[in-house]
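All chains are named by letter (A, B, ...) in the order of the sequence lines, taking the proteins before the strands, and each is independently numbered beginning at 1. Below, each value reflects all heavy atoms present in this structure, side chains not excepted, and no hydrogens, waters or symmetry copies.
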Amino acid sequence: MLEVLDLDVNFATKSGKKGAVTRAVNGVTLTLEKGNSLGLVGESGSGKTTVGRTVLGLNHVSAGKVMFDGERTRDKAGQFKPRFRSRAQMVFQDPHSALNPRMTILRSVSEPLILHTKLRGAKLRQRVCELLEIVGLQQQFLYRYPHELSGGQKQRVCIARAIALNPELLVLDEPTSALDVSVQAQILEFLKSIQKQLDLTYLFISHNLAVVRYVCNKTAVMYLGQIVEQGDTEEVFNNPQHPYTKALLAAVPLPKSGQPRRSTPLQGDIPSPVNLPKGCFFHTRCSEAIAGRCDNKPVQNTTLPDGRQVRCVLFEGDVSQARETAGLVDPV
Amino acid sequence: MTDTPFFSIRDYRLNFETFDGTYQVLDGVNLDLARGQSLGIVGETGCGKSVTVRNILGLLPSPPAKVISGEILFEGRDLLRISKSEMQRIRGVEIAMIFQDPMTYLNPVFTIGLQMIDVIMAHQRNKPRSEKRNRRQARDHAIEMLRRVHLPNPDQQINNYPHQLSGGMRQRVLIAMALSGNPKLLVADEPTTALDVTIQAQILDLIAELVEELGLSVILITHDLGVVAKICDRVAVMYAGQVVEYGSIEELYDTPLHPYTQGLLQSIPHPEKMMDELAGIPGFLPNLLNPPVGCRFQDRCEKVMAVCKTSSPVGATVSGSHNVACHLIDHGDGDA
Ligand SMILES: Nc1ncnc2c1ncn2[C@@H]1O[C@H](COP(=O)(O)OP(=O)(O)OP(=O)(O)O)[C@@H](O)[C@H]1O
Ligand SMILES: Nc1ncnc2c1ncn2[C@@H]1O[C@H](COP(=O)(O)OP(=O)(O)O)[C@@H](O)[C@H]1O
Ligand code: SF4
Ligand code: SF4
Ligand SMILES: [Mg+2]
Ligand SMILES: [Mg+2]
């Protein structure tokens, strides 16, 4: 249903040298089938939100394309085609700032319906009630203001707004990051249930790996604007292949007893997207980097037998052969 | 415990007196920490984690805060009742604190070095003359501390301004500052909440290293049950201003007994496991202007009984150091 092909998004840097650009997204290719949920994970600044916004036409495209059911979402002049607007919607991280504090819930949820449909009066109100019911809020909330609602209730209102125009795709950008764990649990349960009920497809952006594992059947791991590994969620989590995916998973502290207190975390910070490293973008922090190779030549995507894609020289033909011969790895 | 405990909080009650009325924010908090140990305090937003620790260094403005009862004992001294000058001697030298957002505590217009030197010089005030450091020595000490927290190139970084550092590096600088007085106790309030999971892992590893190598004692506040399980010896679960369950990591994570702890643990998706359903905890924190009589968790508890609505459960030791405040426990008819 959704295809992203070789997407690049660059931003001009505000300060600093003239002509310097932030290369936020660098050749992202993604496919998302109807009814699936794809989790996009990675450190802050890796380009997750930018990919999500670009899919919805909220960002310019520097190169590459976004297709919906095989059709380009932009016309020849690069304009986002209006008919795609209602088909995909976004839910943001912070439900507190996403709602207008001076609008009742009724007005907030009505807004997209007034803008894009002919529903008015009693019919409009009825549709809003229906939407609130779907998100598990009673009619008593219609005339309340955002400050009278808890964080979880506000996020439900945001979701009601997002599904008002019957979209097929929801881009959820950290939808539970601002919520407490007990409320997060309710929202995640509810997102799973409306996905079935309304036949929705999710692009789910999160830095919380456990949440992605819980909600998504596909996972893509981003690093400096590239997808370094993508595949079935269970494969990626149970048997991560890319050194970055491994490091990311190893960094998550687990809610259970008996973990080693000390670990060997990934060293250093993520480099700046204004000054991307040469070769593999991850080589400055990778414990498996091969000097002279990883810091030198760009890395290609490799498709593994289980369908997973990995961007790392260790899986490229010649290197992986050599490693197998040397007994360093089992063939995948 | 026969001899003086290293650190303990006893029956701590605190209100906030505001325009709206009196918020009963802490209601009989009890906690213990042995020297060289790390204690985690977990719970959801507003349960009183930060308020519990702020007065360890006298950081809660009064009004609105009003201590109703209790004591905070540090090596035998009651921190709620010591003089201002004594608090000054303790602050930064015996006990240091770090917070979630390092930027709030770093001045953007001064270099890291200058701010560290100022902190170190302030620590010299109460030292005997022979041990006092001059500014030159303070600078060396600052570099040494930055090296101790594994900040890369400390002798150059010391000349940088806070905005030139990443979030993780700033948190290292704050930890270096906190360590510069060689404290016995470090109180860290959500020190990794604003950081990426990879950078969080670096900071947690550093804290674990300091406990191991310097014998530092730590109180770590977080809402992340994973963080506590990873680096703490003991954990206290707070709900609505009370410690509802308290014990070693094994006791609490392997056999959680309080319904709130059980609900919390069943609410978090597990990064290692496929899960079908998250329990969640329906309902909201009670209004602390007018908390319910009896157990503060009663409106959200599946196992609520008649007694829960009339009397507050008191903490009872179940086994070892495992302490639970719930009528299911002291009535002996729980599923324990
Ligand atoms: N409008 C913009 N103008 C300039 N730079 C931008 C803009 N939007 C994003 N960027 C830059 O692009 C990079 C990717 O940002 P993005 O917000 O997509 O990251 P993210 O993965 O969503 O991070 P986070 O986890 O912090 O939300 C960052 O370096 C960011 O500063
Ligand atoms: N300065 C203040 N004035 C009034 N109420 C406060 C103040 N600081 C904290 N509170 C209240 O005390 C309770 C506990 O807050 P806090 O300890 O910050 O929670 P957390 O567990 O999230 O750290 C909350 O209900 C909060 O609203
Ligand atoms: S290509 Fe090299 S540096 Fe990059 S992830 Fe693979 S081994 Fe590491
Ligand atoms: S005391 Fe009663 S209401 Fe409170 S947690 Fe225990 S069973 Fe539930
Ligand atoms: Mg983002
Ligand atoms: Mg707090």
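Between A:Lys256 and B:Glu272, at least one side-chain nitrogen of the basic residue sits less than 4.0 Å from a carboxylate oxygen of the acidic one, meeting the salt-bridge criterion. The pair B:Asp233-A:Arg261 counts as a salt bridge, with a side-chain nitrogen and a carboxylate oxygen less than 4.0 angstrom apart.
In this structure, A:Arg262 and B:Ala208 approach most closely via the heavy-atom pair CD-CB, 3.5 Å. When all heavy atoms of A:Gln153 and B:Phe284 are compared, the pair lying nearest together is NE2-CZ, 3.4 Å.
Contacts between A:Leu188 and chain B at a heavy-atom distance below 4.5 Å involve the side chain alone, from C-beta outward. With a threshold of 4.5 angstrom between heavy atoms, B:Thr192 does not approach chain A through any atom at all. Of the two parts of B:Ile249, the backbone and the side chain both hold a non-hydrogen atom closer than 4.5 Å to a non-hydrogen atom of chain A. Only the side chain of B:Gln200 comes within less than 4.5 Å of a heavy atom in chain A; its backbone stays farther off. Residue B:Arg300 touches chain A through its side chain alone, counting heavy-atom pairs closer than 4.5 Å. Contacts of B:Asp254 with chain A are made by side-chain atoms alone, with heavy-atom separations under 4.5 Å and no backbone atom involved. Looking at B:Glu209, the atoms closer than 4.5 Å to chain A (heavy atoms on both sides) sit in the backbone and in the side chain alike. Contacts between B:Ile268 and chain A at a heavy-atom distance below 4.5 Å involve the side chain alone, from C-beta outward.
Of the listed residues (A:Ser150, A:Ser182, A:Ala185), the one with the most heavy-atom contacts under 4.5 Å to chain B is A:Ser182. Ranked by non-hydrogen atom pairs under 4.5 Å with chain B, the options A:Gln259, A:Glu189, A:Lys192, A:Glu234 are led by A:Glu189. Here B:Val197 is the residue among B:Leu225, B:Val197, B:Leu252 with the most heavy-atom pairs under 4.5 Å with chain A. If you tally non-hydrogen atom pairs under 4.5 Å between each of B:Gly168, B:Gly280, B:Cys232 and chain A, the highest count goes to B:Cys232. Ranked by non-hydrogen atom pairs under 4.5 Å with chain B, the options A:Pro255, A:Gly258, A:Ala247 are led by A:Pro255. When each of A:Gly152, A:Gly268, A:Pro265, A:Ala251 is scored by its heavy-atom pairs under 4.5 Å with chain B, the top score falls to A:Pro265.
The line from OG1 of B:Thr45 to CG of A:Leu179 is 9.0 Å long, rounded to the nearest 0.5 Å. Between A:Thr264 atom OG1 and B:Asp205 atom CG the span is 8.0 Å, to the nearest 0.5 Å.
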Just do the side-chain hydrogen bond (donor to acceptor under 3.5 Å, both in side chains) check on A:Gln184 and B:Ser267 with the steps written out, would you?
-> CA-CA 8 Å; A:Gln184 164 172 286; B:Ser267 290; over 6 Å; no
Check step by step if side chain to side chain contact (heavy atoms under 4.5 Å, CB included) holds for B:Lys273 and A:Phe237.
-> CA-CA 9 Å; B:Lys273 283 195 288 235; A:Phe237 278 78; over 6 Å; no
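Between the side chain of A:Asp180 and the backbone N or O of B:Glu44 there is no donor-acceptor pair closer than 3.5 Å. The backbone N or O of A:Leu266 lies less than 3.5 Å from a partner atom in the side chain of B:Gln202, making a donor-acceptor pair.
Heavy-atom neighbours of chain A within the stretch residues 149-156 of chain B, taken at a separation under 4.5 angstrom, are nonexistent.
With a 6.0 Å radius and a threshold of 12 heavy atoms from other residues, nucleotides or ligands, B:Glu302 has its CD atom at or below the threshold. Within a 6.0 Å sphere centred on CD of A:Glu133, other residues, nucleotides and ligands contribute 12 heavy atoms or fewer.
The side-chain heavy atoms of B:Lys230 and A:Ser263, taken from C-beta on, include a pair separated by under 4.5 Å. The side-chain heavy atoms of A:Leu254 and B:Pro271, taken from C-beta on, include a pair separated by under 4.5 Å.
Counted by atom type alone, B:Thr198 and A:Glu43 present one or more donor-acceptor pairs between their side chains at under 3.5 Å.
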